[in-house]
Amino acid sequence: MTASCDLSDPSPAAAHAAAAGGPPPGAALRWRAALLVLLTFGAGTTDVVGFLGMEKVFTANMTGNIVLFGLAAGEGNGADLARCGAATLAFALGLLAGFLIAGRTPAGRVWPPRVTAVLGFVLALQTAFLAGWAATGAEPHGGGLLALISLSSVAMGAQTAAARSMAADGITTTFVTGTLTSMMGGLAVGRGAAAGLRTAVILGLAAGAAVAGALMTHAPVAAAAVSPAVLAAVVAGAFRLHSSRTS
């Protein structure tokens with residue numbers, strides 16, 4: 001009796017993925033990485049729309065926004081204080097909501113369904129923002145401006161929580177200071193396995209900003225439409241990862 005040669009992956013993770021119809025672990029992680037880069041690209045467009053179209057307010061990058069808040073306080077500029085303060089508070093509320101919905105990621109899960117639920121919530125907020133942005137002719141003022149700043153900031157806070165809950169190589173998808181720090185820290189101690197993903201995320205943020213910057217001059221509504229379009233693609237793509245495991 002001769003032994004057969006089985007070239008299939010015998011690992012439990014691969015067997016689970018095959019049984020559930022999901023991709024094997026390696027492919028799942030690559031797919032997750034691509035989705036995280038797309039989310040960061042969308043955040044780059046969102047921040048440019050905020051900075052150029054909503055009187056220099058960041059709605060995804062709270063480090064820069066808090067600096068602007070402090071600057072406004074020092075200058076006694078009440079209008080800037082209100083805008084930056086609204087963005088910061090809304091982002092914090094978005095973080096809280098996102099973490100509450102996402103919960104803790106089970107060990108070994110690549111992309112839990114609850115993370116996708118958070119991103120569905122973000123997509124709804126971004127779509128509402130786009131509708132309001134278009135209704136004002138991409139020139140919001142007064143209370144409408146504060147409402148749009150708050151919508152965008154809640155969305156970006158929830159998106160940050162969704163990515164953070166997965167503990168995916170220190171990726172946040174809305175700001176990259178921590179990602180850059182993690183990458184350099186890893187390289188310093190000879191742990192550069194995630195350097196490629198972290199580099200792609202940093203470049204993705206810059207690319208999103210470049211695209212929105214190019215659109216804001218002549219097509220500001222299209223610039224604001226990029227982020228919800230990207231989110232819709234990510235949410236659709238995330239469904240194939242719900243059953244995937246890393247181990």
Side-chain angles (χ1 to χ4, degrees), residues 5-44 60 95 98-124 126 155-156 158-176 178-183 185-187 190-205 207-208 226-247:
C5 181
D6 186 359
L7 298 180
S8 62
D9 185 347
S11 69
H16 180 276
L29 290 175
R30 289 191 294 272
W31 189 254
R32 181 179 73 176
L35 296 183
L36 290 172
V37 172
L38 278 176
L39 284 174
T40 311
F41 177 92
L95 280 172
F99 280 125
L100 288 173
I101 297 170
R104 291 187 177 183
T105 297
R109 292 299 293 270
V110 174
W111 192 294
R114 292 180 70 165
V115 169
T116 306
V118 176
L119 294 180
F121 170 63
V122 175
L123 176 57
Q126 288 283 55
M156 290 296 96
Q159 178 176 310
T160 302
R164 188 65 177 268
S165 70
M166 292 189 291
D169 298 314
I171 305 302
T172 59
T173 77
T174 53
F175 54 92
V176 297
T179 301
L180 181 61
T181 302
S182 296
M183 182 172 71
L187 291 174
R191 297 176 182 173
L197 171 57
R198 290 166 177 165
T199 299
V201 163
I202 292 168
L203 294 176
L205 188 74
V226 174
S227 185
V230 167
L231 270 166
V234 170
V235 168
F239 281 97
R240 68 178 293 189
L241 295 179
H242 287 174
S243 61
S244 299
R245 294 180 178 274
T246 59
S247 59

Problem set entry | Set of residues satisfying side-chain hydrogen bond (donor to acceptor under 3.5 Å, both in side chains) with respect to Thr172, sequence neighbours excluded | none
For this session: Return the set of residues passing side-chain hydrogen bond (donor to acceptor under 3.5 Å, both in side chains) with Ser165 (not counting sequence neighbours), or none when no residue passes.
Result: none
List the residues meeting side chain to side chain contact (heavy atoms under 4.5 Å, CB included) with [X], not counting sequence neighbours, and say none if there are none.
| X | result |
| --- | --- |
| Leu100 | Leu96 |
| Val230 | Leu38, Phe41, Val226, Val234 |
| Ala236 | none |
| Leu231 | Leu39, Leu119, Val122, Leu123, Gln126, Gln159, Ser227 |

Minimum heavy-atom distance between [X] and [Y], given as atom pair plus value:
| X | Y | answer |
| --- | --- | --- |
| Ala163 | Leu36 | CB-CD2, 4.3 Å |
| Val118 | Ala158 | CG1-O, 3.4 Å |
| Pro113 | Arg109 | CD-NH2, 3.6 Å |

Exercise. Taking atom types as modelled and ignoring hydrogens, do the side chains of Thr116 and Trp111 form a donor-acceptor contact shorter than 3.5 angstrom?
Worked result: yes
Problem set entry | Heavy-atom check, side chain of Leu197 versus side chain of Val37, under 4.5 Å | yes
Problem set entry | Side-chain heavy-atom pair Trp31, Val110 within 4.5 angstrom cut-off | no
